[in-house]
Number of protein chains: 2
Amino acid sequence: MKIKMNGQTEDIRAVWMEGKTVQMLEQRLLPHKVEIFTARTVDEVCYSIKEMVIRGAPSIGVCAAYGMALAAMSGDDIGQAAEKLKATRPTAYDLFHAIDIMQKAVGDGKDPVQSAEDYANSIAEKCRLIGVHGEPLIPDGGTVLTHCNAGALATLDFGTALAPMREAHNKGKKIFVFADETRPRLQGAALTSFELVQEGIPHAIIADNAAGHFMFRGEIDLCITGADRVTVIGDVANKIGTYEKAVVAHENGIPFYVAIPVSTVDFNLSSGKDIPIEERSQDEVLIINEKPIGPEGASARNPAFDVTPAKFITGFITEIGVLTPNELDKLRMTMGQ
Amino acid sequence: MKIKMNGQTEDIRAVWMEGKTVQMLEQRLLPHKVEIFTARTVDEVCYSIKEMVIRGAPSIGVCAAYGMALAAMSGDDIGQAAEKLKATRPTAYDLFHAIDIMQKAVGDGKDPVQSAEDYANSIAEKCRLIGVHGEPLIPDGGTVLTHCNAGALATLDFGTALAPMREAHNKGKKIFVFADETRPRLQGAALTSFELVQEGIPHAIIADNAAGHFMFRGEIDLCITGADRVTVIGDVANKIGTYEKAVVAHENGIPFYVAIPVSTVDFNLSSGKDIPIEERSQDEVLIINEKPIGPEGASARNPAFDVTPAKFITGFITEIGVLTPNELDKLRMTMGQ
């Protein structure tokens with residue numbers, strides 16, 4: 001991704017190795033300040049994951065892989081390093097997967113740095129291909145709506161939902177993006193807008209309430225979001241609000257695409273209704289920029305995700321091409337799962 | 001409306017007369033603090049309207065009527081008082097209407113205070129009747145979604161959308177309200193939740209994004225909102241986001257009601273697409289509690305209202321009963337307009 005630093009534009013990833021250090025964008029300072037955080041030890045890498053200097057499952061996985069490489073280069077105990085890194089965040093599948101791959105590679109006597117880079121490159125390549133396959137869906141002069149942040153910050157590079165927009169922009173298409181601010185955590189305003197500013201892609205932040213208005217007025221050509229989990233029949237769990245956007249897009253005949261690597265498909269799950277929805281702290285709704293928005297005594301409900309039934313999804317933009325919800329099922333058969 | 005002040009609960013309106021003063025809730029301090037603002041002169045009444053101590057077209061109209069009564073009691077020049085009061089806010093129809101009524105009443109030699117009270121009572125009575133007609137639509141044990149604030153603060157008493165909920169609660173029905181926070185200006189979190197806390201009506205503030213999720217999960221029985229303008233075929237202009245909620249309610253078979261006095265119907269307008277939509281300052285989106293939510297260089301679009309086509313509206317709750325969109329047209333014929 002392009003990032004303006006010290007007066008010039010650099011093409012960097014969310015995290016990378018430089019000599020015996022792991023470098024990453026200090027995401028806690030975004031969108032207001034661009035700074036690089038340097039981890040020189042496994043403990044510092046653990047800190048960066050735990051304290052959310054870096055976030056997003058794919059980015060965290062790569063960061064941990066580099067942490068393992070750092071341990072191997074420094075002659076640390078690999079098993080101990082793996083244990084420490086696995087203890088940083090409880091749920092991200094990528095974290096454990098990346099650490100296991102590195103532990104095996106080091107055990108097999110492979111070069112630790114090269115193994116970590118191979119892992120990182122495989123992650124970035126999937127996103128790049130999502131961009132390549134999704135780009136033709138965006139017409140020249142077109143306007144895209146996106147929700148939340150499925151960008152390069154979270155996925156090492158390119159992003160998932162943002163990859164086709166980057167690719168279209170880089171190919172010289174004149175595109176415009178509406179970025180839902182995405183309450184309660186405002187990832188659209190903070191992170192998606194940050195990435196778009198950095199890339200020089202024209203866009204506007206909108207209140208989540210305004211997306212329907214612009215669809216109704218014919219000002220949006222297509223929608224692209226990411227997903228946290230996709231079932232085998234194509235139901236989509238994603239950031240709260242995705243369902244509303246998809247229903248309203250459907251009502252207005254606007255294509256609604258979900259950009260994901262194939263690994264996001266849960267081949268063991270059919271109906272989206274079976275996906276458990278995390279309810280997070282009330283304070284994410286009730287307090288903004290350290291001040292309460294409601295009266296004393298008010299309470300809130302705060303579901304973090306919602307489920308969008310497959311019938312509202314036009315297609316899935318993946319590293320192997322654009323698939324309809326029906327084709328996900330065929331994919332399972334092809335993959336023999 | 002019920003308001004807790006100085007340790008006890010009082011039943012007050014948004015504005016009232018007391019001797020030679022006009023008293024009102026200081027709405028600029030809501031939802032965090034309950035205070036009464038006292039205006040002793042026409043100039044102080046003008047200040048209260050201009051500086052938004054009081055807001056909402058019906059409440060402003062009544063406040064101006066009391067200002068005219070104050071002028072008459074004080075022996076001020078009535079024409080001059082009318083001019084000053086009309087110059088406070090540019091667009092609210094109720095303001096000019098109320099001042100004209102009072103100017104005529106004083107000219108006809110009627111008692112100014114009684115005339116102002118008659119006007120205020122006619123406004124409050126309409127809202128009370130909206131509550132009476134809307135209450136049977138809310139089942140005991142039911143959950144209602146509302147958007148923005150169509151409450152007593154804006155309409156002198158009872159509210160429009162909130163009137164049926166107050167009535168149901170007062171009748172002993174166990175109801176629960178989901179209040180959309182209503183970005184960008186957060187009137188749902190600040191004002192609707194404030195009124196519901198005061199009345200003791202159980203409720204939760206939700207991010208606007210979460211409404212669809214709760215509809216999909218079957219946790220919402222009906223939706224009630226207010227409206228800024230309704231066309232003769234039943235298209236509704238209301239706070240941005242209303243359209244999305246109505247479309248998603250329709251998709252889930254959930255009734256969607258709009259609570260309005262008949263005077264909100266514009267009998268000269270047919271299609272809602274002809275209603276001009278105000279775009280307000282970007283900063284309402286970009287800055288919350290004095291801090292930016294996006295990166296430097298970000299811009300925003302900020303439509304304040306949207307249009308919901310009549311096909312998504314189950315009915316209009318008015319002072320003369322619940323009308324379908326089709327019946328609005330008959331109303332015009334009955335009224336000979």
Side-chain angles (χ1 to χ4, degrees), chain A residues 30-32 147 178-184 186 189-190 193-194 196-198 203-214 216-217 239-245 247-248 250-252 277 282 284-286 288-303 305-307 309, chain B residues 30-32 147 178-184 186 189-190 193-194 196-198 203-214 216-217 239-245 247-248 250-252 277 282 284-286 288-303 305-307 309:
Chain A
L30 298 181
H32 306 299
H147 191 71
F178 279 113
D180 284 344
E181 63 177 359
T182 318
R183 280 279 290 151
L186 295 166
S193 177
F194 172 80
L196 295 172
V197 164
Q198 297 292 328
H203 69 285
I205 298 169
I206 56 173
D208 302 301
N209 279 326
H213 169 74
F214 289 116
F216 183 66
R217 293 263 159 159
K239 185 61 54 197
I240 191 74
T242 304
Y243 169 66
E244 283 195 25
K245 308 311 158 194
V247 170
V248 178
H250 191 258
E251 164 66 25
N252 288 282
I277 300 296
Q282 293 188 56
E284 287 187 354
V285 174
L286 295 175
I288 307 181
N289 283 337
E290 286 113 56
K291 287 187 192 166
I293 60 167
E296 211 184 307
S299 58
R301 290 280 302 273
N302 184 20
F305 305 99
D306 61 23
V307 170
Chain B
L30 297 181
H32 306 300
H147 191 70
F178 279 113
D180 284 345
E181 63 177 359
T182 318
R183 278 278 290 151
L186 295 166
S193 178
F194 172 78
L196 295 172
V197 164
Q198 296 293 327
H203 69 285
I205 299 170
I206 56 173
D208 302 301
N209 279 326
H213 169 74
F214 289 117
F216 183 65
R217 293 262 159 159
K239 184 61 54 197
I240 190 74
T242 304
Y243 169 65
E244 283 195 23
K245 309 310 157 194
V247 169
V248 178
H250 190 257
E251 164 66 25
N252 287 283
I277 299 294
Q282 292 187 58
E284 287 187 354
V285 175
L286 296 175
I288 308 181
N289 283 338
E290 286 112 55
K291 288 187 193 166
I293 60 168
E296 211 185 308
S299 58
R301 290 279 303 273
N302 184 21
F305 306 98
D306 61 23
V307 170

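This is a predicted model, so every value here is computed, not measured. Here is the naming used below: chain letters follow the sequence lines, and residue numbers restart at 1 for every chain.
- A/Leu286 touches chain B through its side chain: at least one heavy atom from C-beta onward sits under 4.5 Å away, while N, CA, C and O do not.
- With a threshold of 4.5 angstrom between heavy atoms, A/His147 approaches chain B through side-chain atoms but not through N, CA, C or O.
- When heavy atoms are compared at a cutoff of 4.5 Å, A/Glu290 approaches chain B solely by way of its side chain, counted from C-beta outward.
- Looking only at distances, a side-chain donor or acceptor of B/Ser299 sits under 3.5 Å from a matching main-chain atom of A/His203.
- Both the backbone and the side chain of A/Asp208 come within contact range of chain B, each with at least one heavy atom under 4.5 Å from a heavy atom of that chain.
- Heavy-atom distances place both the backbone and the side chain of A/Ala211 under 4.5 Å from chain B.
- Contact of A/Pro309 with chain B is made through the side chain alone, with heavy-atom distances under 4.5 Å.
- Proximity of a side-chain donor or acceptor of A/Asn289 to a complementary backbone N or O of B/Ile288 within less than 3.5 Å is detected.
- Between A/Pro303 and B/Ala210, the closest heavy-atom pair is CG-CB, 3.9 Å.
- Shown here for B/Pro31 and A/Gly294, the closest heavy-atom pair between the two residues is CG-C, 3.6 Å.
- Only the side chain of A/Phe214 has a heavy atom closer than 4.5 Å to any heavy atom of chain B.
- In this structure, the portion of B/Glu251 lying under 4.5 Å from any heavy atom of chain A is its side chain and not its backbone.
- Looking at B/Tyr243, only its side chain comes within 4.5 Å of chain A, counting heavy atoms on both sides.
- Note: A/Ile277 leads A/Leu196, A/Leu186, A/Ile277, A/Leu30 in heavy-atom pairs under 4.5 Å with chain B.
- Rounding to the nearest 0.5 angstrom, the gap separating the CZ atom in B/Arg301 from the NE2 atom in A/His213 is 7.0 Å.
- Listed options A/Val307, A/Ile293, A/Asp306 were ranked by heavy-atom pairs under 4.5 angstrom with chain B; first place goes to A/Ile293.
- With a threshold of 4.5 angstrom between heavy atoms, B/Val197 approaches chain A through side-chain atoms but not through N, CA, C or O.
- Taking CD of A/Gln282 as the start and CD1 of B/Ile206 as the end, the distance is 13.0 Å to the nearest 0.5 Å.
- When the options B/Glu181, B/Lys245, B/Lys239 are evaluated for a side chain to side chain contact (heavy atoms under 4.5 Å, CB included) with A/Asn209, the one that passes is B/Lys245.
- The residue among A/Glu296, A/Arg217, A/His250 with the most heavy atom pairs within less than 4.5 Å of chain B is A/Arg217.
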